[in-house]
Each structure stands twice: as structure tokens, then as C-alpha cells.
Amino acid sequence: MLTHSVSRLFSTTPFGGAVLFFVLLICGLTPASGLTSDTDILGIDVSHHQGAVDWNSVHGHGVEFVYLKATEGRGYVDPWYQSHREALEALPLQVGAYHYFHADHDPEKQARNFIRVVKSGPALDLPPAVDVEEAFGRSAEELVDKLLNWITLVETELGATPIIYTVTGFADRGDQAQDTTRDKARGLSRYPLWYAKYDTDWLKLPPVLGHFQWHIWQFGQGTVPGIETIVDLNTLNCEALAHDICSRER
């Protein structure tokens, strides 16, 4: 995604590789297959960077679900979220919302920011999502603690289990792990994963710890009629997510 105001990746911070390793570790990743006949449901995620969207055209060209950026950090609200959400009410697309997580902000304030925004509009169809791509100079242990706080509060308030979005590239730096942080990170193992990996047509997740099936795969970027900019492309794993969208006739 990386559609926020600060563009520093994990790799630019001293704890970057270790932090992303733990985001992968907590999900208990093992190799998984990519697109199959059961997982070819196309979705996109958008933010203010996409600007105005012709949602009728988007839907008419095969997109079945969309995640909208709602919030970031403790106070930012995406200026296009509500208008996109309202426009999508008239269409059969399944809609979810995501929050861009700042490890250097108070997690309760971030959760309240997200909860307030998503509750102020039409109900959502897909699980809430938290986008974790940056360490913001914080340690792996601090990020895990704060992420757990955010997820717990959002899950309690919204009555839905959040999904964790993260990116590939640093899982091989797990040798920086501390045992205490590794153990604490297991507290996130029950939450589903939305994983971004573009350089393959077969999604293979790092064989880190335990058993795992990806729930959403962000497999690339491309153009979609109705959107003027490049947009992220995603698919659902129906075996893992078991969402109503998977049983629709398409």
C-alpha cells in the first residue's frame, strides 16, 4: 500500500528487518499456493492517492471487493474514505477499511481514530485491516505490544477479527530476534494475514513458524478501468477466509 505521507520502509530503520520478521512470524507462515480456480476473486485497495473513482466502471470490469484507506496514525482521516464508501453502497462490491499503523503513536488513540471513522459510515462487509509496513524507529517488541493493543480494542469495539497487512522482503533477518519478543509475538498468531508479494505467480510464504494459510494476497499493481492511477491488485483465499463472497455466482 504505502499510500501515506511518510515513505520510509522497514529497511531504513535499525530494527526494520527484525520488526517485519515478527509481523511475519506472528502469523505462523508456511509455503502456500497462489491463484487457483478457488482463489481468483479480484479486489483492489485505494486511498486518496487514487482520487475520484468511477465505481460502476470498476465493478463492471470484474472487481469484486475493495479495501478503502480510512485512517492513519492517531488522527489522520483519508479525505476520500466517506465519499467512496457512500458511492459503493449502491453496488454489490464487498467493502472493507484499513488503518495505516504508526508504531510511534499511541495505539489506543489510533484505534479510536479508526473506530470513529468506520462507525460513522455504512456498515462494512469485510474484516477491518491494519497496515504494518514501518518500524518508525521502534523496536520489534514495542511494535508487537502496540499492534496487539490496537487489534484487541478494534476487535472488541467492532465485533470483527482484524486482518494484518504486511509486505515481503525482510523475513530472512529473523536472527535479530530476541526470545522474549518472539514469545510475545505469538499472541498475534490467530489473526489472518494479508500479504504483499509481487515477484511471483505462485505465492510462497516464508516458512517461519507453525501452520498458516494466507487470507488475502496482494499480488501486484495494475490499471483498472474507472481509476486513473495505478492501483494495488488483490485476491482472496476462499479456503482460509470463508467469506460470503466466495459462494457467489460469478
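In this chain, residues are counted from 1 in sequence order.
Taking both residues in full, the closest heavy atoms of Ala70 and Ala97 are given as CB-CB, 4.1 Å, listed atom of the first, atom of the second, then distance. Between Phe65 and Ile41, the closest heavy-atom pair is CE2-O, 3.5 Å. The minimum heavy-atom distance linking Ala160 with Pro128 is given by the pair CB-CD, 3.6 Å. Smallest separation of non-hydrogen atoms from Gly121 and Gln82: CA-OE1, 3.8 Å. The shortest non-hydrogen separation linking Ala196 to Tyr165 is CB-OH, 3.5 Å. Shortest non-hydrogen contact noted between Ala111 and Leu153 is CB-CD2, 3.5 Å.
With Thr71 contributing its side chain and Val77 its backbone, the two residues share no donor-acceptor pair below 3.5 Å. Looking at His105, its side chain does come within 3.5 Å of a backbone N or O of Arg74 through a donor-acceptor pair. Between the side chain of Glu142 and the main chain of Gly137, no donor-acceptor pair closer than 3.5 Å is present. Trp217 places no side-chain N or O within 3.5 Å of a backbone atom of Asn237 that could act as its donor or acceptor partner. A donor-acceptor pair under 3.5 Å is absent between the side-chain atoms of Tyr98 and the main chain of Met1, judged by distance alone. Using modelled atom types, no side-chain atom of Asp45 and backbone atom of Tyr67 make a donor-acceptor pair closer than 3.5 Å.
In this structure, Lys146 NZ and Arg138 CZ are separated by 5.0 Å, a value rounded to the nearest 0.5 Å. Rounded to the nearest 0.5 Å, atoms CG (Asp106) and CZ (Arg112) are 10.5 Å apart. Summarising the geometry, atom CD1 belonging to Ile115 is positioned 8.5 Å from atom OG1 belonging to Thr156; distances are rounded to the nearest 0.5 Å. Distance check, rounded to the nearest 0.5 Å: OG1 of Thr166 to CZ of Phe101 gives 12.0 Å. Expressed to the nearest 0.5 Å, how far CD of Gln94 lies from CG of Leu124 amounts to 10.5 Å. Going from atom NZ of Lys69 over to atom CG of Asp131 covers 8.0 Å, rounded to the nearest 0.5 Å.
Looking at residues two or more places apart in sequence or on another chain, you find a side chain to side chain contact (heavy atoms under 4.5 Å, CB included) between Asn149 and Pro107. Considering only residues two or more places apart in sequence or on other chains, Gln221 meets the side chain to side chain contact (heavy atoms under 4.5 Å, CB included) condition with Tyr198, Ile230, Asp232. In this view, Lys109 satisfies the salt bridge (Lys or Arg N to Asp or Glu O under 4.0 Å) rule with no residue, not counting sequence neighbours. For Glu228, there are no side chain to side chain contact (heavy atoms under 4.5 Å, CB included) partners two or more places apart in sequence or in a different chain. Partners of Thr229 under the side chain to side chain contact (heavy atoms under 4.5 Å, CB included) rule, at least two apart in sequence or in another chain, are Gln50, Ile227.
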- Query: Given the rule in the side-chain contact (heavy atoms from CB on, under 4.5 Å) test, do Leu158 and Lys119 qualify, once you have shown the distances and angles that lead to the verdict?
  - Reply: CA-CA 8 Å; Leu158 297 183; Lys119 278 190 170 182; 3.8 Å; yes

- Query: Going through the distances and angles, do Phe219 and Leu42 end up as a side-chain contact (heavy atoms from CB on, under 4.5 Å)?
  - Reply: CA-CA 10 Å; Phe219 60 86; Leu42 178 63; 4.0 Å; yes

- Take Asp78 and Val117 through the side-chain contact (heavy atoms from CB on, under 4.5 Å) test and state the conclusion after the steps. CA-CA 10 Å; Asp78 191 287; Val117 170; over 6 Å; no

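Using a 4.5 Å cut-off on side-chain heavy atoms (C-beta onward), Leu88 and His59 make no contact. Taking 4.5 Å as the limit, some side-chain heavy atom of Val224 sits within range of a side-chain heavy atom of Leu233. Within the 4.5 Å cutoff, side-chain heavy atoms of Thr161 are placed close to those of Tyr191. Annotation: side chain of Val63 is not in contact with side chain of Trp55 (no heavy-atom distance under 4.5 Å). At a threshold of 4.5 Å between non-hydrogen side-chain atoms, the residues Ile163 and Leu126 do not count as touching.
Of the N and O atoms on the side chains of His99 and Gln110, at least one donor lies less than 3.5 Å from an acceptor on the other residue.
Residue pairs satisfying the ring pair (Phe, Tyr, Trp, His ring centres under 6.0 Å) criterion with at least one member in residues 108-133, sequence neighbours excluded, are listed as follows: Phe114-Trp150.
There is no path of hydrophobic side-chain contacts, each under 4.5 Å, that joins Val132 to Tyr76.
Relative orientation of the Trp80 and His84 rings is parallel, given thresholds of 30° and 60° on the angle between their planes.
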